[in-house]
Amino acid sequence: MTRHLFFYCTALLCATGLLASCSAPSTHRADSPRLFSEERTADVILHFYQWDTIYLLKPDSRQDGFLPVWNREGIASAVNRQSVGRSLAVVLVGFLHNTDPNGPVVRDWESLLAEQGFRRVVILRAGAGKGNRIDGLPILHDSAIAQAHEPPGKFARPLAAVPAPVGAHAAHP
């Protein structure tokens, strides 16, 4: 009888613990960093250590099995020579850099890659233990999101200068 009572109490305690753990509030905070998940769609992936030590990871740029080391000017010409799409460029930045979204590293990468024709630049915090995978790394800056928060006047004037198609009537589309 005591074994049955012990088994019943143990099962009840486990079930109560399971229900309590499932109903606990989520530990995901709204201010926690978003994680990157678009590795497959990235046209160019760069690993930035400093302005004279940059690696071009995607497309594969190995020479004799080794990744060449590029500087700022060299990486701009190397990326420009690549016949890849210009939708998404990803830059991995290590922990040694101040990666304030308005900081010099982010601004410099965004302008450098925009000059190469990229429409979106994402800066990621390089992480230890991820190997060669970039999916799951925290996003420090995403230029597409940053442009969405710009004041409307910055883009309204250039868009207003675009002529309407011939025969278009704004009142009766």
Side-chain angles (χ1 to χ4, degrees), residues 24-163:
S26 173
T27 58
H28 179 74
R29 297 183 353 212
D31 62 341
S32 65
R34 294 177 311 113
L35 302 179
F36 187 74
S37 63
E38 301 175 58
E39 180 175 356
R40 291 179 138 184
T41 61
D43 298 309
V44 169
I45 300 173
L46 302 163
H47 198 148
F48 171 72
Y49 290 96
Q50 54 193 19
W51 286 112
D52 62 351
T53 310
I54 304 166
Y55 293 101
L56 177 61
L57 303 177
K58 182 180 178 181
D60 192 1
S61 65
R62 290 177 224 212
Q63 298 171 356
D64 298 324
F66 297 98
L67 286 172
V69 179
W70 300 94
N71 62 14
R72 182 185 179 117
E73 294 77 26
I75 198 67
S77 64
V79 167
N80 195 28
R81 285 192 307 263
Q82 298 294 328
S83 59
V84 295
R86 296 288 197 248
S87 295
L88 174 60
V90 177
V91 180
L92 304 172
V93 177
F95 285 99
L96 299 177
H97 295 283
N98 176 12
T99 50
D100 174 37
N102 297 318
V105 171
V106 171
R107 282 192 319 250
D108 288 347
W109 273 114
E110 196 169 32
S111 66
L112 179 73
L113 293 169
E115 289 172 6
Q116 303 304 317
F118 286 95
R119 291 186 295 274
R120 182 175 169 214
V121 177
V122 177
I123 311 292
L124 303 178
R125 174 66 77 190
K130 293 286 184 183
N132 292 333
R133 308 271 316 156
I134 64 169
D135 280 343
L137 293 178
I139 298 174
L140 299 173
H141 177 75
D142 188 341
S143 66
I145 293 172
Q147 289 174 1
H149 296 290
E150 290 290 325
K154 181 177 181 180
F155 299 106
R157 190 169 292 120
L159 288 176
V162 176

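Bear in mind that the values here come from a model prediction, so they are computed numbers and not experimental data.
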- Query: Does some side-chain heavy atom of L113 sit less than 4.5 Å from a side-chain heavy atom of V91?
  - Reply: yes
- Message: I want to check something: taking the side chain as every heavy atom from C-beta on, are L67 and H47 in contact at a cut-off of under 4.5 Å?
- Response: no
- Task: Measure the CG-CD1 distance between L88 and I45 for me, rounded to the nearest 0.5 Å.
- Result: 8.0 Å
- Taking all heavy atoms of R119 and all of S143, pick out the closest pair and write down the distance. O-OG, 4.1 Å
- Check for a donor-acceptor pair, side chain of D43 on one end and backbone N or O of V84 on the other, with a separation under 3.5 Å. no
- Message: How long is the straight-line distance from CZ of R81 back to CD of Q116, given to the nearest 0.5 Å?
- Response: 10.5 Å
- Task: Test side-chain contact (heavy atoms from CB on, under 4.5 Å) on R72 and D108 and set out the steps.
- Result: CA-CA 10 Å; R72 182 185 179 117; D108 288 347; 3.8 Å; yes
- Note on the structure: Distance col, row I139:CD1 vs I123:CD1, nearest 0.5 angstrom, shows 11.0 Å
- What distance do R107 atom CZ and L112 atom CG have between them, rounded to the nearest 0.5 Å? 14.0 Å
- Message: Show the nearest heavy-atom pair for residues V44 and P59, with the distance to one decimal.
- Response: CG2-CD, 4.3 Å
- Message: Measuring only between side-chain heavy atoms, which start at C-beta, is I75 closer than 4.5 Å to F48?
- Response: no
- Query: Where do P68 and S61 come nearest, in terms of heavy atoms and distance?
  - Reply: CD-O, 3.1 Å
- Message: Give me the atom names and distance for the closest heavy-atom approach of H141 to E110.
- Response: NE2-OE2, 3.3 Å
- Query: Can you tell me how far the CG atom of L35 sits from the CD1 atom of I134, to the nearest 0.5 Å?
  - Reply: 12.5 Å
- Closest non-hydrogen contact found for D52 with V69 is O-CG1, 3.6 Å
- Item | By side-chain hydrogen bond (donor to acceptor under 3.5 Å, both in side chains) - contacts of E38 (at least two apart) | R120
- Point-to-point distance, once rounded to the nearest 0.5 Å, from CG of L46 to OH of Y55: 13.0 Å
- Note, V79 side chain near W70 side chain (heavy atom, < 4.5 Å): no
